[in-house]
Peer 1: 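The following block contains the structure, expressed as structure tokens.
Residue numbers start from 1 in every chain, and the chains themselves are labelled A, B, ... in the order their sequence lines are given, proteins ahead of strands. Only this structure's heavy atoms are used, side chains among them; waters, hydrogens and symmetry mates stay out.
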Amino acid sequence: MRPERVEGFGFTPGTSLPGRLGRTGVIMTPHGLIRTPAFVAVGTKATVKAVLPESVAALGAQAVLANAYHLYLQPGADVIDAAGGLGRFMNWPAPTFTDSGGFQVMSLGVGFKKMLAMKTDGLEDDDVIAEGKTRLAQVDEDGVTFTSYLDGSQHRFTPEVSMQIQHQMGADIIFAFDECTTLMNTRDYQQRSVARTQRWAVRCLAEHQRLRREGKPPHYQALFAVVQGAQFENLRRQAARDLVSLTLEGSGFDGYGIGGALEKENLGTIVRWVCEELPEDKARHLLGISEPNDIFTAIENGVDTFDCVSPSRVARNAAVYTVRGRFNVTAAACRWNFSPIDEHCDCYTCTHYTRAYLHHLFKAREMLASTLCTIHNERFVVRLVDDIRASIEAGGFSEFKIDVLSRYYGSHSPLMG
RNA sequence: GGCAGGUUGCCCGAGUGGCCAAAGGGAGCGGUCUGUAAAAUCGUCGGCUUAGCCUACGUUGGUUCGAAUCCAACACCUGCCA
């Protein structure tokens with residue numbers, strides 16, 4: 001597929017969901033269009049793990065999101081710059097995003113998921129760290145000190161550094177450097193953190209504009225601010241309003257990201273609070289979401305694009321999506337099952353391989369297992385979002401949502417074929 | 001023929017009188033994963049009527065309150081000597 005070449009950047013809303021914030025639209029980037037809602041595949045280290053770019057394109061992904069922190073550590077933003085930018089470097093001709101490293105403030109700072117599910121009572125914010133983990137990120141007002149997970153060396157990220165790195169790597173859409181907090185942090189900390197993320201946003205915008213003015217930009221890079229505020233309505237709304245009203249030299253952010261601690265039950269509510277404050281003519285990206293129910297919830301509450309590591313990570317660990325729910329192909333029930341993962345799926349994997357074969361590949365620890373299951377899972381999510389877009393345009397979103405979710409979360413086991 | 005070492009749960013392998021249904025791996029079985037320190041990680045893993053009982057550490061017999069652990073014989077396996 002040849003991406004359409006466009007000069008600037010922009011977002012044009014299309015069909016709206018009656019009475020709701022959800023809509024279709026088109027994001028224009030120098031490397032082509034993104035028809036929204038859209039799922040953006042994650043390729044943290046400039047590769048969607050285990051899959052060729054041609055396959056990523058073939059499964060319908062419109063854009064790829066890489067990570068500034070990871071690529072800064074390895075191979076270095078200068079290498080990517082010399083290669084002609086992120087897209088050229090990784091042989092991905094379509095639109096690209098880079099995340100700022102803000103998520104790593106949390107993931108390297110406190111550890112991960114187990115922690116997020118734990119009780120927070122009696123813990124000071126500084127105690128919030130996973131057992132047995134070493135804190136690899138330390139936040140202060142000016143920025144973050146990272147300890148490289150690769151070699152232990154110390155690195156300093158500030159809003160300015162993140163902008164410089166992301167400009168050097170040249171993705172079409174870049175994110176402001178934010179602090180991603182967890183649900184475990186106290187309300188007081190969340191409040192101080194959002195305020196700091198706002199101050200960082202100002203610095204990001206200023207540095208972004210300076211770099212655009214003084215640098216030699218290969219093309220227009222769009223800067224998205226990130227709305228934080230955890231589960232608190234006033235923090236979320238205020239954060240969104242502050243970012244929307246922020247302009248320097250007459251221009252502000254090109255779009256908005258929604259990030260941070262999201263209670264699963266309140267995902268829709270939180271997204272709605274934020275999107276109600278955001279202008280209609282700017283794109284909204286929800287960071288890190290991909291479960292089917294979350295996708296519907298996010299879209300109907302105003303999100304245009306989102307990304308998530310889950311489809312690919314889970315695929316490498318043998319879990320696959322079907323219209324009737326998720327299952328692990330390592331399950332014994334797959335050993336003699338010669339049907340595809342999902343009869344309804346049109347992906348390369350489902351049209352060529354059986355559950356029994358994938359089961360075998362995982363048991364034998366063959367790399368192709370990861371490749372094939374990633375192709376399937378990414379296709380599953382991309383297609384779901386494509387179908388949601390079509391249902392909005394056709395006026396049948398609600399029916400489609402009920403239909404999909406009742407089958408996906410219904411009692412029929414996907415292992416039964 | 002002689003001397004020495006060995007035989008442990010599906011597999012490998014610790015354990016040399018009670019805290020041993022037996023460490024640790026692996027396999028098997030099941031789960032988890034939401035801006036990727038992830039080809040990671042957790043649980044389970046003899047049976048049952050499961051705070052208890054039964055069956056188990058090559059086989060048979062013995063010592064002992066008590067044996068995978070000590071003794072004897074036998075069966076196989078591995079070295080070295082003839």
Peer 1: Taking any heavy-atom pair under 4.0 Å as a contact, classify A/Val226: base, sugar-phosphate, or nothing.
Peer 2: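 Touches a base.
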Peer 1: Counting side-chain heavy atoms from C-beta on, which of B/A37, B/G35, B/C29 comes nearest to A/Gln228?
Peer 2: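 So the nucleotide nearest the side chain must be B/G35.
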Peer 1: Taking only the side-chain heavy atoms of A/Arg326 (C-beta and beyond), determine which of B/A40, B/U32, B/U36 contains the nearest atom.
Peer 2: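 In terms of side-chain proximity for A/Arg326, the closest of B/A40, B/U32, B/U36 is B/U32.
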Peer 1: When you check the phosphate oxygens OP1 and OP2 of B/U36, does a side-chain N or O of A/Asn67 lie under 4.0 Å from one of them?
Peer 2: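 A/Asn67 to B/U36 OP1/OP2: side-chain N or O found under 4.0 Å.
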Peer 1: Listing request: all salt bridge (Lys or Arg N to Asp or Glu O under 4.0 Å) pairs with a residue in residues 361-378 of chain A, at least two apart in sequence or in separate chains.
Peer 2: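 As it turns out, there is no salt bridge (Lys or Arg N to Asp or Glu O under 4.0 Å) pair with a partner in residues 361-378 of chain A once direct neighbours are skipped.
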Peer 1: Students often get this wrong, so: under 4.0 angstrom with heavy atoms, is A/Asp99 touching a base, only sugar-phosphate, or nothing?
Peer 2: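 Base: the residue A/Asp99, judged by heavy atoms under 4.0 Å, touches a nucleobase.
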Peer 1: Please confirm whether the shortest side-chain N or O distance from A/Ser310 to OP1 or OP2 of B/U34 is below 4.0 Å.
Peer 2: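 So the side chain of A/Ser310 is outside the cut-off, no N or O lying under 4.0 Å from OP1 or OP2 of B/U34.
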Peer 1: Base of B/G35, side chain of A/Asp178 - is there a donor-acceptor contact under 3.5 Å?
Peer 2: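 Yes, the side chain and the base share a sub-3.5 Å donor-acceptor pair.
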Peer 1: According to the Watson-Crick and G-U wobble definitions, with both distances under 3.5 Å, which nucleotide is paired to B/A23?
Peer 2: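 No nucleotide pairs with B/A23.
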Peer 1: Quick one: do the A/Tyr72 and A/Gln164 side chains pair a donor with an acceptor below 3.5 Å?
Peer 2: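 Their side chains do not contain a donor-acceptor pair, so the 3.5 Å distance test is not met.
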Peer 1: Could you tell me how far B/U59 sits from B/U8 if I compare only their P atoms? Round to whole Å.
Peer 2: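 Rounded to whole Å, the distance is 10 Å.
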Peer 1: Does any pair with a residue in residues 142-151 of chain A pass salt bridge (Lys or Arg N to Asp or Glu O under 4.0 Å), and if so which ones, sequence neighbours excluded?
Peer 2: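 As it turns out, the salt bridge (Lys or Arg N to Asp or Glu O under 4.0 Å) pairs with a partner in residues 142-151 of chain A, which skip direct neighbours, are A/Asp142-A/Arg156, A/Asp142-A/Arg203.
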Peer 1: Applying side chain to side chain contact (heavy atoms under 4.5 Å, CB included), name anything that partners A/Thr24, two or more places apart in sequence or on another chain.
Peer 2: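 A/Thr24 satisfies side chain to side chain contact (heavy atoms under 4.5 Å, CB included) with A/Thr15, A/Pro37, A/Arg389, A/Ile392, A/Glu393 once adjacent residues are dropped.
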Peer 1: What is the nucleic acid contact for A/Leu65, judged by heavy atoms within less than 4.0 Å: base, sugar-phosphate only, or nothing?
Peer 2: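 Touches sugar-phosphate only.
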Peer 1: Check side chain to side chain contact (heavy atoms under 4.5 Å, CB included) between A/Thr147 and all other residues, then give those that pass, not counting sequence neighbours.
Peer 2: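 If we apply the side chain to side chain contact (heavy atoms under 4.5 Å, CB included) test to A/Thr147, skipping adjacent residues, the hits are A/Leu136, A/Gln154.
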Peer 1: Is the A/Phe97 ring parallel, tilted or perpendicular to the A/Phe224 ring (thresholds 30°, 60°)?
Peer 2: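 Because their plane-to-plane angle is over 60°, the rings of A/Phe97 and A/Phe224 count as perpendicular.
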Peer 1: Is any side-chain nitrogen or oxygen of A/Gln104 closer than 4.0 Å to OP1 or OP2 of B/U36?
Peer 2: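 For B/U36, OP1 or OP2 has a side-chain N or O of A/Gln104 closer than 4.0 Å.
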Peer 1: A/Lys363 has a side chain; which of B/A38, B/A39, B/G28 sits nearest to it?
Peer 2: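 Side chain of A/Lys363 sits closest to B/G28.
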Peer 1: For A/Phe397, check ring pair (Phe, Tyr, Trp, His ring centres under 6.0 Å) against everything at least two apart and list the hits.
Peer 2: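 Ring pair (Phe, Tyr, Trp, His ring centres under 6.0 Å) list for A/Phe397, sorted by chain: A/Phe296.
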Peer 1: Counting only heavy atoms and a strict 4.0 angstrom limit, can you tell me which residues of residues 276-287 of chain A come near RNA chain B?
Peer 2: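 Those residues are A/Leu287.
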Peer 1: Students often get this wrong, so: under 4.0 angstrom with heavy atoms, is A/Lys264 touching a base, only sugar-phosphate, or nothing?
Peer 2: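 Since a base atom lies under 4.0 Å of A/Lys264, the category is base.
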Peer 1: Ignoring the backbone of A/Tyr149, work out which of B/U36, B/U34, B/A38 is nearest its side chain.
Peer 2: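 In terms of side-chain proximity for A/Tyr149, the closest of B/U36, B/U34, B/A38 is B/A38.
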Peer 1: Counting only side-chain nitrogens and oxygens, does A/Ser312 get under 4.0 Å of the OP1 or OP2 atom of B/U36?
Peer 2: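 No, no such contact exists.
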Peer 1: If the P atom of B/U69 is compared with that of B/U63, how far apart are they to the nearest Å?
Peer 2: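 15 Å, rounded to whole Å.
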Peer 1: If I pick the P atom on B/A23 and the same atom on B/C57, what distance separates them, to the nearest angstrom?
Peer 2: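 Each nucleotide's P atom is 16 Å from the other's.
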Peer 1: Using the rule side chain to side chain donor-acceptor pair (under 3.5 Å), only one of A/Gln221, A/His167, A/Gln166 pairs with A/Thr98; which is it?
Peer 2: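 For A/Thr98, the side chain to side chain donor-acceptor pair (under 3.5 Å) check succeeds only for A/Gln166.
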Peer 1: Nearest of B/C33, B/A39, B/C29 to any side-chain atom of A/Ala332?
Peer 2: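 The nucleotide sitting nearest to the side chain is B/C29.
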Peer 1: Nearest to the side chain of A/Ser100 - B/G35, B/C29, B/C33?
Peer 2: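 Between B/G35, B/C29, B/C33, the one nearest the side chain of A/Ser100 would be B/G35.
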Peer 1: As a test of reading the structure: which of B/A37, B/U32, B/U34 is closest to the side chain of A/Asp294, going by heavy atoms?
Peer 2: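 Selected nucleotide: B/U34.
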Peer 1: Using a heavy-atom cut-off of under 4.0 Å over every strand shown, decide if A/Ala331 touches base, sugar-phosphate, or nothing.
Peer 2: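 It contacts sugar-phosphate atoms only.
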Peer 1: Nearest-Å distance, CG (A/Asn293) to P (B/U34)?
Peer 2: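 The answer, rounded to whole Å, is 14 Å.
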Peer 1: Heavy atoms under 4.0 Å, any strand shown: does A/Ser370 hit a base, just sugar-phosphate, or nothing?
Peer 2: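 Nothing, no heavy atom under 4.0 Å.
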Peer 1: Picking from B/G30, B/U32, B/A39, which would you name as closest to the side chain of A/Arg316?
Peer 2: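 The closest nucleotide is B/A39.
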Peer 1: Name the nucleic acid region contacted by A/Gly257, choosing base, sugar-phosphate or nothing; use a 4.0 angstrom heavy-atom cut-off, strictly under.
Peer 2: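 Nothing: the residue A/Gly257, judged by heavy atoms under 4.0 Å, touches no strand.
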Peer 1: Whether the side chain of A/Lys49 and the base of B/U36 hold a donor-acceptor pair under 3.5 Å is what I'd like checked.
Peer 2: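 Counting by modelled atom types and ignoring angles, no donor-acceptor contact under 3.5 Å is found here.
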Peer 1: Counting heavy atoms not belonging to A/Glu233, are there more than 12 under 6.0 Å from its CD?
Peer 2: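 Yes, the 6.0 Å shell around CD holds more than 12 heavy atoms from other groups.
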